[in-house]
Amino acid sequence: MSETRRTPWWMGATVYQIYPRSFADSNGDGIGDLQGVLRHLDYLKRLGVDALWLSPIFRSPMADAGYDISDYCDIDPLFGSLADIDRLIAEAHARDIRVLLDFVPNHTSDEHPWFVESRSSRDNPKRDWYIWRDQPNNWRAALGAGSAWTWDEHTQQYYLHLFLAKQPDLNWRNPEVVAAMHDVLRFWLDRGIDGFRIDVIHCTGKDPSFADDPRCQAGQPLSDFNDQPYSHEVLRGLRKLVDSYPGDRMLVGEVNIRSTERVLQYYGAGDELHLAFNFNPLDAPWDPVLFRTCIREVEHWLQPAGAWPTWVLSNHDNVRQRSRYQGSERAARAAAVLLLTLRGTPFIYQGEELGLEDAHIADEARIDPGGRDGCRAPIPWLAEPPHDWNGTSPWLPFPPDADELAAERQVGAANSMFALYQRLLAARKASPALLHGDFVELPSHPEVLAYRRQLGDDLRLVCINFAEAAHACPQSGDWTVEIASDGLGEGEPYAGTLNPGQALVLRPTEA
Ligand code: NOJ
């Protein structure tokens, strides 16, 4: 792979999240797999992304769709084999696309041999690999809606699980756990993985006093706010290990705390996360006040600290952005312009580039214990049902308008949502200002967000109209429309107004 770049690759990259169960199915069992991903690498190259993050593909009883792992160093047969991931890494690298895996350090499956041993007797050598207590406290689990403690009849103690009872929490204060989990990272780094998305990293440190928490009393799960100093020590160990490998390996962490100031702490002194997810835009409606506030927060906290931001509008845990924006294609298009022009590393969730909405799933057909099935609907590749999902029907129903929004219809079609993402990604790559430049918010109408990105001589303006009415957005100087969310007027001089709901990327008009 081409390697010598001035800044680390992940600062100029766009990352694409693959939720393997729902991406593409190669063997007709209705569940996506690694061969399915391999088949669509050229699609991802054509889209223009630089890296893939694969949600968990490891051996798992699938109580939490793979976030309950029973073997960190093997691929679940549902998804394929170690040979398949090796091929995927090689084929992605051959296309200059990096591959990130999902690392789940906070908990294993209760079927992991470590936990099977741990629960076998109180004096088992692995007893202390998990968190056992005689008495539960009031901590609440995030999945399964109840206590974070489950009674083990056999050994007459409670074990801690911040998620499902089938996801016991590891005890990261035990050095043997640290060593075993470091070995997991080594296993994958040695195979050529470019880095990891780390699941709920802020949960790995627990309050050592196990005191009751008033927020749990009020019904909030501990994982929503657990933020103990020890998580940072865990993270520094992971970072040191990853940094000892050649080739710019990267850690992006899920710090699911809705405070940008707290999230900043997880970048450490350049010795913790390279990138941390920023959750505020992920559940926000399409609202100029919310986005403005969120962007200002990020600039206020992260910029002075030299912490590089991330931008994410959808993932496998949250309602897709287009559904949050009441199904509005116009808003989804404008949001794409925002996502791909802010200062930071954008993450695209599979299907976002097709403008997909959540599938409508009847309550009785829901599979996920957290009710998150809608955003996990399968990707429609071909226009004709079953949309290249052969054999039995896929594990979840398709999203609305699957025929019309299928990749087959959009790839190569002028001004499709896919084409807009393609144009934006190409424009990012060609502009140092968009990739690495400063961000300055410009004065504008309250329903318009306008900002400048600049690096040296390279300059772009971005104007986003959140309103249903046209708005003036005058800018001094001569500007050319480089990209329009609705495709209108690209390559033409900017007249100083925005159509209803329109977002524009402007470049200085060449003399
Ligand atoms: C966050 C993951 O994104 C989510 O899908 C999972 O249920 C929890 N962590 C527990 O691993």
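Indexing begins at 1, ligand by ligand and atom by atom, following the structure's order. All values below come from the heavy atoms of this structure, side chains included, with hydrogens, waters and symmetry mates left out. The residues of the chain are indexed from 1 along the displayed sequence.
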Check contact between L143 and ligand 1, using heavy atoms of the residue and a distance below 4.0 angstrom. yes
Row check, W132 ring normal vs R127 NZ/CZ: under 6.0 Å, within 45°: yes
Pick from N278, D224, D283: which one makes a side chain to side chain donor-acceptor pair (under 3.5 Å) with R258? D283
Please write down residue, atom name and distance for the protein heavy atom closest to atom 5 (O) of ligand 1. D317 OD1, 2.7 Å
Among all residues two or more places apart in sequence or in another chain, which pass the side-chain contact (heavy atoms from CB on, under 4.5 Å) test with V99? L54, A92, I193, D194
What is the closest protein heavy atom to atom 8 (C) of ligand 1, and at what distance does it sit? F163 CE2, 3.8 Å
Got the closest protein heavy atom to atom 11 (O) of ligand 1, with its distance? D199 OD2, 2.7 Å
Near R372 (heavy-atom distance under 4.0 Å), the atoms of ligand 1 are 4 (C), 5 (O), 6 (C), 7 (O)
Using the ring of each side chain (for Trp, its six-membered ring), is F277 parallel, tilted or perpendicular to F347, with breaks at 30° and 60°? perpendicular
Number the atoms of ligand 1 from 1 as they appear, then name those within less than 4.0 Å of a heavy atom of H107, with their elements. 10 (C), 11 (O)
Is the shortest distance from a Lys or Arg side-chain nitrogen in D213 or R140 to a carboxylate oxygen in the other one below 4.0 Å? no
Say whether R376 and ligand 1 are in contact under the criterion: heavy-atom distance to a ligand atom below 4.0 Å. yes
Taking 4.0 angstrom as the limit and counting only heavy atoms of E254, give me the atoms of ligand 1 inside it, by number and element. 1 (C), 3 (O), 9 (N)
Is R262 paired with D227 through a side-chain N to carboxylate O contact shorter than 4.0 Å? yes
Protein contact to atom 7 (O) of ligand 1 [nearest heavy atom, distance to 0.1 Å]: D64 OD2, 2.6 Å
Residues D152, R119; criterion salt bridge (charged side-chain N to carboxylate O under 4.0 Å, His left out); working and verdict: CA-CA 8 Å; D152 180 59; R119 82 185 318 177; 3.3 Å; yes
